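Structure first, commentary second.
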Amino acid sequence: MIMLVVLSFDQYYKFINKKYILNLIYGLIFISLILFFRPILIAFILLSIGIGYLIYKRKTISAKIVFILIALLFVLVAPTIFIIINRYLAGGFEFLVASRASQGMVIGSVPFTYAVNILAQAIGPLPTLLHDTNLLITIYAPGLIYRVLIAFPFWLGVIYIYKTKKYKIYPLLLFVLIEMFALALVMEGLELRKAMPHIPFVFIIAFWFLDQYDNKQIVFKRPKRFKQLFKVSLFLLALLIFYWNFR
């Protein structure tokens, strides 16, 4: 599933760079195959690519045509989308809370649970270094530690992609933010399995920022303060990982 998501974006970027219609066809095939895994991801991918393209080419005729096509597509598939959303929301907000409470996923109060889920999506999910029954969770820990520690450059990447108007990266950025928001909304922010489709793009955005910084494309007015802030963020994130595992 993750491979199909990555290949969908890969073919999209090859298409916009080389204008080969074959790349577009391959991209549509990969997106279609996601139907066998998690159909809601198709909506996220098309929405992020559509919005990103509209922003990038907003003054062209092709952008207006794409906008009309997206609007028509949304009208056609709206009933299906609403059914999927309703299923994820368990029939409504009250039913969602009751369902998550029965699963033991409501921690304390509902606002606190949402705060935890938002934090988990913003910097995680957090790694579990040792688990009594599920060895697979422990196997994922090293990669998740890395993901947590690059949270600071990732969010700086988000800021500078918007600030420097790097329109070509918008689809990746939008896909990550849309899925983060969706998972936090349905209180699935702590679920690694649900978050995995967007994690590869978190790494890409974080390393895009680090590459821009290393090559002096992004320069801070107070570089020493930035380096200190970077080190403090790593220390705090490391403390959070230890707290999560020894709580």
Side-chain angles (χ1 to χ4, degrees), residues 1-2 4-6 8-9 31 34-35 37-52 54-55 70-71 73-75 77-128 137 140 144 147-148 150-151 154-155 157-159 161-162 169-206 237 240 244:
M1 181 184 70
I2 299 167
L4 291 173
V5 173
V6 173
S8 299
F9 280 101
I31 290 174
I34 298 171
L35 186 67
F37 296 90
R38 199 181 302 165
I40 192 66
L41 290 176
I42 297 176
F44 292 166
I45 292 171
L46 293 178
L47 188 63
S48 59
I49 289 177
I51 295 174
L54 289 176
I55 295 172
I70 291 173
L73 181 64
F74 179 79
V75 171
V77 302
T80 305
I81 292 174
F82 288 134
I83 290 171
I84 294 173
I85 292 173
N86 194 51
R87 179 164 61 86
Y88 277 101
L89 292 176
F93 181 73
E94 293 182 359
F95 292 104
L96 174 66
V97 173
S99 174
R100 294 295 180 259
S102 66
Q103 297 169 10
M105 297 175 67
V106 176
I107 308 165
S109 64
V110 173
F112 180 74
T113 300
Y114 269 116
V116 170
N117 276 269
I118 292 170
L119 179 64
Q121 282 303 294
I123 66 170
L126 292 167
T128 299
I137 293 177
Y140 284 132
L144 286 177
R147 188 270 177 265
V148 171
I150 64 166
F154 164 73
W155 286 108
V158 171
I159 293 169
I161 287 171
Y162 174 76
I169 315 178
Y170 273 28
L172 297 183
L173 175 61
L174 289 167
F175 179 76
V176 173
L177 296 180
I178 289 170
E179 191 174 43
M180 281 183 173
F181 172 78
L183 290 174
L185 179 65
V186 298
M187 301 184 189
E188 295 277 6
L190 296 170
E191 290 289 328
L192 170 62
R193 181 174 60 88
K194 300 289 180 66
M196 287 181 75
H198 72 259
I199 287 180
F201 307 122
V202 171
F203 282 87
I204 290 173
I205 292 170
L237 290 168
L240 189 59
W244 174 257

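Predicted, not measured: the structure shown is a model, and the values here were computed from it.
For the pair Met196/Met1, no side-chain contact is recorded, criterion being any heavy-atom separation below 4.5 Å from C-beta on. Side-chain contact between Ile199 and Ile2: absent, with no pair of heavy atoms (C-beta onward) separated by less than 4.5 Å. Using a 4.5 Å heavy-atom threshold, the side chains of Phe201 and Val5 count as touching. Looking at Phe203 and Phe154, their side chains never come closer than 4.5 Å, going by heavy atoms from C-beta outward. Contact annotation: the side chain of Gln121 never approaches that of Lys194 to less than 4.5 Å [non-hydrogen atoms, C-beta and beyond]. Side-chain contact between Phe175 and Leu41 is present, with heavy atoms from C-beta onward closer than 4.5 Å. Here the side chains of Val176 and Val158 are not in contact, with every heavy-atom distance at 4.5 Å or above.
Contact record, Gly189 with Asn117: N-OD1, 2.6 Å, taken as the closest heavy-atom pair. Nearest heavy-atom pair, Val148 versus Pro127, reported as atom, atom and distance to 0.1 Å: CG2-CD, 3.9 Å. Of all the heavy atoms in Ala120 and Leu190, the pair that sits closest is CB-CD2, 3.5 Å. In this structure, Ser48 and Phe9 approach most closely via the heavy-atom pair OG-CZ, 3.6 Å. Contact between Ile49 and Pro171 at its shortest, heavy atoms only, is CA-CB, 4.1 Å. Summarising the geometry of Ala195 relative to Glu179, their closest heavy-atom pair is O-OE1, 4.1 Å, with the distance given to 0.1 Å.
Here the CH2-CG distance, from Trp244 to Leu144, works out to 11.0 Å after rounding to the nearest 0.5 Å. Taking CG from Leu174 and CD1 from Ile169, the interatomic distance works out to 11.5 Å, rounded to the nearest 0.5 Å. A distance of 11.0 Å separates CD1 in Ile51 from CG in Leu46, rounded to the nearest 0.5 Å. With rounding to the nearest 0.5 angstrom, the OH atom of Tyr170 is 8.5 Å from the CD1 atom of Ile161. Residue Leu237 holds its CG atom at 9.0 Å from CG of Leu126, rounded to the nearest 0.5 Å. Taking CD1 of Ile178 as the start and CE of Met180 as the end, the distance is 12.0 Å to the nearest 0.5 Å.
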The test is side-chain contact (heavy atoms from CB on, under 4.5 Å); show your working for Arg147 and Val202 and say whether it passes.
CA-CA 8 Å; Arg147 188 270 177 265; Val202 171; 3.7 Å; yes
